[in-house]
> 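One structure follows; several queries about it will come next.
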Amino acid sequence: KQEVTQIPAALSVPEGENLVLNCSFTDSAIYNLQWFSQDPGKGLTSLLLIQSSQREQTSGRLNASLDKSSGRSTLYIAASQPGDSATYLCAVSSTGGFKTIFGAGTRLFVKA
Amino acid sequence: GAVVSQHPSRVICKSGTSVKIECRSLDFQATTMFWYRQFPKQSLMLMATSNEGSKATYEQGVEKDKFLINHASLTLSTLTVTSAHPEDSSFYICSARWGVGDTEAFFGQGTRLTVV
């Protein structure tokens, strides 16, 4: 059974700081990994999707890496802004059953 | 990306009544749909997987008689919460995939259910 863990659970940083969010998963038989952001009480915003054959994806100030063999992914946020404050969710889609399983998330607060 | 629409976005119902949530894929045929539940300050927990024309497969601990899932067409799945109780109050999100195999899942914007 796939399990997804995110560290840290919460993070508070000053504006402008670069930061890294971590995601680990127990079953390396995945076909993609996705990072989402979520504001309180709102739906999901897709940030980056990495296919299992890829090692990283970039979008603006965001960079996500994937090391499938070790079961790890990181989300790098450069020059953080108060508007980046949200919960960041890592979601892994496994080849067994093709289900998408979510981590518990990292709550990020960027102070102005 | 493809669009998945959920309706309603918010619903309040009385305890003991049933409420139906719709999930539609607007620009693709959704072979498989998934339903998630999210309690406050918690992550999304997969409730069930439904394939068009088949019975849904429920995750362990999810009551199939309470959470009725219908996936009668390739663009629509419904989740009916029967005899709702206040503890069923939650955020429900659906996702949809097309085809068989490693295709991307697209997510709806969620439905906030409050049972009073």
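Keep in mind that the numbers below use all heavy atoms, side chains included, and drop hydrogens, waters and symmetry copies. Naming: A, B, ... by sequence-line order, numbering from 1 per chain.
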> Between B:Y36 and A:F36, does the ring centroid distance fall short of 6.0 Å?
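Between B:Y36 and A:F36, the centre distance exceeds or equals 6.0 Å.
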> Grouping I, L, V, M, F, W and Y whenever their side-chain heavy atoms are under 4.5 Å apart, do A:I30 and A:L75 come out in a common cluster?
yes
> Using a 6.0 Å cut-off, check whether atom NE2 of B:H85 has over 12 heavy atoms from anything other than its own residue.
yes
> Using a cut-off of under 4.5 Å on heavy-atom pairs, state which of A:G41, A:P40, A:S93 scores highest against chain B.
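The candidate making the most pairs under 4.5 Å is A:G41.
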> Taking side chain as everything from C-beta outward and backbone as N, CA, C, O, which of these in A:K42 sits under 4.5 Å from a heavy atom of chain B? Side chain, backbone, both or neither.
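Contact with chain B: backbone only.
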> When clusters are formed by joining ILVMFWY residues with side-chain heavy atoms under 4.5 Å apart, either directly or through shared neighbours, do B:F91 and B:W35 land in the same one?
no
> Walk me through it: do A:Q34 and B:E104 pass the test side-chain contact (heavy atoms from CB on, under 4.5 Å)?
CA-CA 10 Å; A:Q34 200 162 359; B:E104 182 178 353; 3.7 Å; yes
> Using non-hydrogen atoms only, which part of A:T100 is less than 4.5 Å away from chain B: side chain, backbone, both, or neither?
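Both backbone and side chain of A:T100 come within 4.5 Å of chain B.
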> Between B:M33 and B:V62, is there a shared hydrophobic cluster once you connect ILVMFWY residues whose side-chain heavy atoms come closer than 4.5 Å?
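Not linked; separate clusters.
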> With only heavy atoms counted, which part of A:L89 is less than 4.5 Å from chain B, the side chain, the backbone, both or neither?
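For A:L89, the side chain is the part near chain B, not the backbone.
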> So for B:E59, is it side chain, backbone, both, or neither that comes closer than 4.5 Å to the heavy atoms of chain A?
side chain
> Looking at OG1 of A:T87 and NZ of B:K41, how far apart are the two atoms once the value is rounded to the nearest 0.5 Å?
10.0 Å
> Count the heavy atoms of every other residue, nucleotide or ligand shown that sit under 6.0 Å from CZ of A:R61, and state whether that count exceeds 12.
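Counting other residues, nucleotides and ligands, CZ of A:R61 exceeds 12 neighbours.
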> Going by atom types alone, do B:Q38 and A:Q38 pair a side-chain donor with an acceptor below 3.5 Å?
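Their side chains do contain a donor-acceptor pair, which is all the 3.5 Å distance test asks for.
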> Can you tell me how far apart OG1 (B:T57) and NZ (A:K99) are? Round to the nearest 0.5 Å.
7.5 Å
> Hydrophobic cluster membership, with links at side-chain heavy-atom distances under 4.5 Å among I/L/V/M/F/W/Y: are A:L48 and A:L19 in one?
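A:L48 and A:L19: one cluster.
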> Would you kindly confirm whether A:L62 and A:L21 end up in one hydrophobic cluster when ILVMFWY residues are joined by side chain heavy atoms under 4.5 Å apart?
yes
> Distance-only, no hydrogens or angles: does the B:S43 side chain make a donor-acceptor pair with backbone N or O of A:G105 under 3.5 Å?
no
> To the nearest 0.5 Å, tell me how far B:F34 CZ sits from A:I101 CD1.
9.0 Å
> What part of B:I93 gets closer than 4.5 Å to chain A, counting heavy atoms only: side chain, backbone, both or neither?
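The side chain, not the backbone.
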> Heavy-atom count around A:R72 CZ within 6.0 Å, excluding the residue itself: above 12?
no
